[in-house]
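Values below: all heavy atoms of this structure, side chains included; hydrogens, waters and symmetry mates excluded.
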Amino acid sequence: MHPVFALVDCNNFYVSCERVFNPKLAGKPVIVLSNNDGCAIARSDEAKALGIKMGVPVFQILNIIKAHKVHVYSSNYALYGDMSQRVMQTLTQFTPDIEIYSIDESFLDLSGFSSHNRTEYGRKIKYAVEKWTGIPVSIGIAETKTLAKIANRVAKKSKKSNGVLDLTASPFQDKALELIDVEDVWGIGRSYSRFLKENGINNALQLRDANDQLIKKRMGIVGTRLLHELRGLSCFPLERCPPPKKGITVSRSFKQAIETLDELLEAVAAYVSTGAEKLRKEHSVAGVLMVFLMTNRFNKERYYYNMTTIRLPVSTSDTSELIQYAHGGLIEIYKKGYLYKKAGVMFRDLVSETQVQTNFLDSIDRIHSNRIMQVLDNINVKMGSSTLKYAAVGLRGNKKWQTVFDHRSQSYTTNWNQLLEVS
DNA sequence: TCTGGGGTCCTAGGACCC
DNA sequence: TCTGGGGTCCTAGGACCC
């Protein structure tokens, strides 16, 4: 029997989250910005209609923002994460066969439903999510994940489908595929779409019917699987429980460029702190630590990037220990005389904290340091993150590297001090 | 002047070994 | 002048995703 997937995708998710708590934004152009209020990363339909592209730097669209009174928000990940959980919880009420694919998308397994019930069930799901969370969603249904993605896209576009489209055994499947530009197919990015267009393949239908050898030669096994998926042969099963993370990265662009090693040491200490916190939340320890720093990547003159890899003698999630190693690495790769714009740390070779390989030369009291980390995490959870932090992060406020969010909405759902006022 | 962050998978090539 | 072949492991870079 063929599997059947539904892809539930929140419409303009970050914008929709802002709208839930500020209904006046309905029907108006709204955008949400990346860190440091740098780029537009979410746009309402009205903002898209104004020609605001995904990822465009804000300074390039200031005139559009002004002329059309676009509402601008800094990103508020605490809020979006919380709203995401509510949406996913609602979906779980409908089926336990769910794969949470990203902050705003889930695949559901609908194989058990007969074909004439699926659209109706999709409508029920859509209605429930909107009613219980305030977030509008679209649902695409098909035999493979790739086709479900396409169905979802058509569902969003076409008035007739009204947000839910079942493409399984549909006489309109070819028409739907024809509507989808090849660059909008899941798995086709800039480089592949250029190649495909050079070969006269412009939409999903032409890609489905393309020559296998041509695709295989340029896109390898990835391309072959993609063709299978478009032809209705499922290659990507539903992943009910996500596999454990392979790495954790924390990196930030600085608000202002910095030159001195001292400031970089502070920034890196801060990134290690958040990373180690994430590590402990996952109950993992890292075997490898990588540190990198770079100048502005858009300035080709005087560009510098460097990275170092540190194998830790004993896998750990201890903040102060990791800060020490990271500082060692940073000193190694720092070069004087550059204007640095970004730095970061990566934890790799993660394993569960229960299976740490101890080292016979290890001189650290790990039971003691584990207890300190627990106390630290507990206080920061209860009193707000970074209530307690390491001196290495720096005590002065107003740091050049610190990320800014000048247009942030309140943290309606996650902070007691900022509950929505009802008037 | 101003340009996000965090992931995964695949592949090619080098190092090393027998 | 001739100077193997094959396997594994690791890494860097490319491509893609949200």
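- Considering only side-chain atoms of Ser251(A), the nucleotide from dG4(B), dG6(B), dC17(C) that sits closest is dG6(B).
- Residue Arg297(A) places its side chain closer to dG4(B) than to any other of dG4(B), dC18(C), dC16(C).
- Side-chain proximity of Arg225(A) to the nucleotides dC17(C), dC16(C), dC10(B) is greatest for dC10(B).
- Closest to the side chain of Lys246(A), out of dC9(B), dG7(B), dC16(C), is dC9(B).
- Each of dC17(C), dG5(B), dC10(B) was ranked by its minimum atom distance to the side chain of Val222(A); first place goes to dC10(B).
- Nearest to the side chain of Met54(A), among dG4(B), dA15(C), dC2(B), sits dG4(B).
- When distances are taken from the side chain of Asn296(A) to each of dG4(B), dC2(B), dG5(B), the shortest belongs to dC2(B).
- Nucleotide dC18(B) is matched to dG5(C) when pairs are restricted to Watson-Crick or G-U wobble geometry with both distances under 3.5 angstrom.
- Side chains of Asn11(A) and Ser138(A): a donor on one and an acceptor on the other come within 3.5 Å.
- Two residues are said to be in side-chain contact when any heavy atoms from C-beta on lie closer than 4.5 Å; Arg225(A) and Ile221(A) meet this criterion.
- In the set dG5(B), dC10(B), dT3(B), dG5(B) carries the atom at the smallest distance from any side-chain atom of Asn35(A).
- Both geometric conditions, a ring-centre gap below 5.5 Å and a plane tilt below 30°, are not fulfilled together for Tyr192(A) over the base of dC16(C).
- Closest to the side chain of Ser253(A), from the set dG7(B), dA15(C), dG4(B), is dG4(B).
- For the atom pair Phe347(A) CZ and Thr249(A) OG1, the distance stands at 9.0 Å (nearest 0.5 Å).
- Residue Ile221(A) places its side chain closer to dT11(B) than to any other of dG5(B), dA15(C), dT11(B).
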